[in-house]
Trainee: 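Below you will find the structure I want to go over with you.
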Amino acid sequence: MTAREPIDKQQAWRALSQHADAMREVHLKDLFQERDGRHERYTRRAAGMMLDLSKQRWREETLDMLLDLARAADVPAAIGRLLSGERVNRSEDRPALHTALRLPADARLEVDGEDVVPGVHRTLDHMATMVAKFHAGQWRGATGRAITDVVNLGVGGSDLGPLMVTHALADYRPRDMHPVEVHFASTMDGSQLADYLTRLNPETTLFVISSKSFTTIDTLSNARTARDWLFSHLADGDDVDGLVMRQHFIGVSASPEKMSEWGIADNNQLEFWEWVGGRYSLWGAIGLPIALAVGMENFQALLAGAHAMDRHFATAELADNLPVLLALAGIWNVNFLDIRAHSILPYDGRLEYFASYLEQLEMESNGKSVTNDGRSIDYSTCPVLWGQLGPNAQHAFYQLLHQGTQPVECDFIAPIRRYDRVEDEATRKHLKAQHRLTLANCFAQSRVLMLGDDAIEDDGPRPSHKRYRGNQPSTTLLLDRLTPETLGALVALYEHKVFVQATIWDINPFDQWGVELGKKIATQTEQILTTHEGVESLDDSSRGLIETVWRESEY
Ligand code: F6P
């Protein structure tokens, strides 16, 4: 790949900058008055969802110019390179093939002369065998009792994806099977794990150690604590330690050697590949907790939904391509309207962890400031992105969205249909009414954010503290239903959005060098805290904090 002319020096970017000077003065309410049919003009459908971009502060000429920008950055060729397994992760010299994890068994995809699809499906088959054994009550602990609780020990991509999906698909837990509860412990301070250790029975608890690198200190600290807990509660008799390792631990990693060194039995190792980024990894072995919670069939449906979005991404015209359009809306806001905060607001309690998941996906991928060939960037890249369940956020930070000084782009996400499967008729009726109420709130909020005071019939003059200026842009994503398929497609939509933005910004969304220095310094700091040596080399603030801990605790 040759160095590209900086995107902000290209004609397409300059044209957008000029256009933005005029558009900054235009209020969203005026755009809606200019022409009818805005909703239909800016809405696209694919893979069980509808993307409504009509509340973005743009006109058709804006979108045309943004599409020119995507062409100038050669987005179609970049999509081809991503999906065909080229080494798009340049700083680590490898492909980024999360899409290969959801290819059907009869597909082929060669990387370095080898078809990766059979390996992907071997892992899925291995997962299926494990899941079947748990669900049949045949995975037994060291004392012979069936495992009932599985705790996933992982952090970042080895936690957030499975946590988010397991929660989102809670309605899909298989019935009539040996029940297995799935739990998640990620924090290095051990507080989540400590809570499980007081509540769970060691005889019936199994730990999945999920770590692509199998070196992450957060996860390995939790794993050590878990291992000691099991040894101290179950160690009695010959080879109990060996039995505990075989019956109470599964490892998921790209490093089988490190899993073996740690003592994970060969049969209990699920592998994935260096070419799957941590935050893109829920589709393979890292998804084991999902498959345990909702069954292998639903896990396969999740993959099928993501694959449907991959096909759409690969084949749809740019102007109809959901990930491309979502990416362009973000670029328009961040780079041309100077809107550098982005809130993710699902109106469905099952998507409780979706915003946290996207925080890692978007900010760890695109929080970058050098281009692929090492040049410093002087335009904005990833905005600050955060979120919360919309209905709860209405009672928390929406005040800032409505009357604060920050412009914020919002994504509203909701299913159209909900609670169809609730058996009891009266309960179903009430819950459906609650869903209707939730949709009403979702649509009301995006409307008020758009129109401000104009959302309401004029009810006379109001003091300034009761006024709403509106003009906050938003996107609304409606899923037909929240199913394994549509959830898979939704996550893939955001993965590809991130890729398109990275392509335009000319950054690598698949590395995360920015987190390395912190890890290194933490290791040195722990050394100082433990040995009491070297504190004088630190800055005054860090020294003061460490000395306070020494004075006031047993460290
Ligand atoms: O520190 C950041 C990070 O490397 C993430 O990218 C990753 O998802 C997380 O840590 C966990 O890494 P691992 O799966 O190797 O334990």
Side-chain angles (χ1 to χ4, degrees), residues 88-92 94-98 101 123 127 151-166 184-190 192-193 207-227 249-262 264 269-290 353-368 382 385 491 494-495 498-499 502 507-526:
V88 291
N89 179 351
R90 284 170 62 185
S91 72
E92 296 175 318
R94 55 191 184 218
L97 269 179
H98 40 287
L101 300 182
T123 302
M127 285 168 71
V151 184
N152 188 74
L153 304 177
V155 70
S158 301
D159 168 67
L160 290 166
L163 171 71
M164 181 273 288
V165 175
T166 301
F184 294 86
S186 56
T187 63
M188 69 162 70
D189 71 329
Q192 295 162 326
L193 178 64
F207 295 91
V208 178
I209 308 179
S210 288
S211 173
K212 179 179 172 185
S213 60
F214 228 77
T215 59
T216 304
I217 192 74
D218 319 47
T219 301
L220 294 183
S221 306
N222 276 328
R224 260 194 306 270
T225 304
R227 186 172 57 185
F249 283 102
I250 291 174
V252 182
S253 177
S255 173
E257 305 77 30
K258 293 211 173 69
M259 287 195 273
S260 298
E261 266 166 43
W262 204 85
I264 304 284
Q269 296 184 7
L270 284 172
E271 247 187 274
F272 62 111
W273 301 270
E274 288 298 346
W275 41 258
V276 181
R279 54 190 171 275
Y280 298 87
S281 64
L282 71 87
W283 315 102
I286 290 285
L288 179 69
I290 304 172
Y353 297 105
F354 191 65
S356 322
Y357 173 79
L358 282 194
E359 284 164 13
Q360 186 198 15
L361 178 65
E362 298 229 7
M363 295 197 281
E364 199 174 63
S365 296
N366 282 348
K368 310 281 166 68
C382 189
L385 184 133
V491 177
Y494 277 94
E495 285 179 345
V498 164
F499 178 72
I507 57 178
N508 180 358
F510 301 117
D511 61 10
Q512 57 284 321
W513 296 103
V515 300
E516 292 307 317
L517 183 60
K519 292 183 191 170
K520 217 164 155 178
I521 300 294
T523 308
Q524 287 172 4
T525 312
E526 197 202 0

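Note that ligands are numbered from 1 as they come in the structure, with each ligand's atoms numbered from 1 the same way.
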Trainee: Test your reading of the structure: does Ser211 have an N or O sitting under 3.5 Å from an N or O of ligand 1?
Mentor: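 Min N/O separation from ligand 1 is below 3.5 Å for Ser211.
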Trainee: Select the closest option to atom 1 (O) of ligand 1 among Gln360, Arg279, Lys519, Gln512, judged by heavy-atom distance.
Mentor: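 The residue whose heavy atom sits nearest atom 1 (O) of ligand 1 is Lys519.
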Trainee: Short list, please: which atoms of ligand 1 are under 4.0 Å from a heavy atom of Val515?
Mentor: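 Within the 4.0 Å cut-off of Val515, ligand 1 contributes 1 (O), 2 (C).
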Trainee: Where do Asp218 and Met188 come nearest, in terms of heavy atoms and distance?
Mentor: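 Looking at all heavy atoms of both residues, the shortest contact is OD2-CE, 3.3 Å.
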Trainee: Run Ile286 and Tyr280 through side chain to side chain contact (heavy atoms under 4.5 Å, CB included) and show every step you take.
Mentor: CA-CA 10 Å; Ile286 290 285; Tyr280 298 87; over 6 Å; no
Trainee: Checking the N or O distance criterion of under 3.5 Å, is ligand 1 in contact with Gly157?
Mentor: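 Checking ligand 1 against Gly157, an N or O pair does fall under 3.5 Å apart.
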Trainee: Should Glu261 and Lys258 count as an ion pair when the cut-off is N to O under 4.0 Å?
Mentor: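 Looking at Lys258 together with Glu261, the answer is no, because their closest N to O distance does not fall below 4.0 Å.
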Trainee: Counting non-hydrogen protein atoms only, what is the nearest one to atom 6 (O) of ligand 1? Give residue, atom name and distance.
Mentor: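 Protein heavy atom at minimum distance: Glu364 OE1, 2.8 Å.
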Trainee: Look at atom 13 (P) of ligand 1 and say whether a protein heavy atom is found at less than 4.0 angstrom from it.
Mentor: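 Given the 4.0 Å limit, the answer for atom 13 (P) of ligand 1 is yes, a protein heavy atom qualifies.
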Trainee: Do you know which two heavy atoms are closest between Gly157 and Pro162, and how far apart they sit?
Mentor: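 Looking at all heavy atoms of both residues, the closest pair is O-CD, 4.1 Å.
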Trainee: Which atoms form the tightest heavy-atom contact between Met127 and Gly284, and what is the distance?
Mentor: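 Scanning both residues, the minimum pair turns out to be CE-O, 3.5 Å.
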Trainee: Looking only at protein heavy atoms, which one is nearest to atom 15 (O) of ligand 1, and what is the separation?
Mentor: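 Closest protein heavy atom to atom 15 (O) of ligand 1: Ser213 OG, 2.6 Å.
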Trainee: So is Thr219 polar-close to ligand 1, meaning N/O to N/O under 3.5 Å?
Mentor: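 Such a contact does not occur with ligand 1.
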Trainee: Taking 4.0 angstrom as the limit and counting only heavy atoms of Thr216, give me the atoms of ligand 1 inside it, by number and element.
Mentor: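 Selected atoms, number and element: 12 (O), 13 (P), 15 (O), 16 (O).
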Trainee: Which of the numbered atoms in ligand 1 are below 4.0 angstrom from a heavy atom of Gly156?
Mentor: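 So the atoms of ligand 1 that pass are 8 (O).
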Trainee: Ignoring hydrogens and geometry, is there a side-chain-to-backbone donor-acceptor pair from Gln512 to Glu364 under 3.5 Å?
Mentor: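 Judged by distance alone, no pair lies under 3.5 Å.
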Trainee: Report the residues that fulfil ring-ring contact (aromatic ring centres under 6.0 Å, His included) with Phe354, sequence neighbours left out, ordered by chain and then residue number.
Mentor: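 Per chain and number, Phe354 pairs via ring-ring contact (aromatic ring centres under 6.0 Å, His included) with Tyr494.
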Trainee: Just to confirm my output: which protein heavy-atom neighbour is closest to atom 9 (C) of ligand 1, and how far is it?
Mentor: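 Of every protein heavy atom, Val155 O, 3.7 Å lies nearest to atom 9 (C) of ligand 1.
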Trainee: Sequence neighbours left out, what passes ring-ring contact (aromatic ring centres under 6.0 Å, His included) with Trp283? Give chain and number order.
Mentor: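 Applying ring-ring contact (aromatic ring centres under 6.0 Å, His included) to Trp283 gives none.
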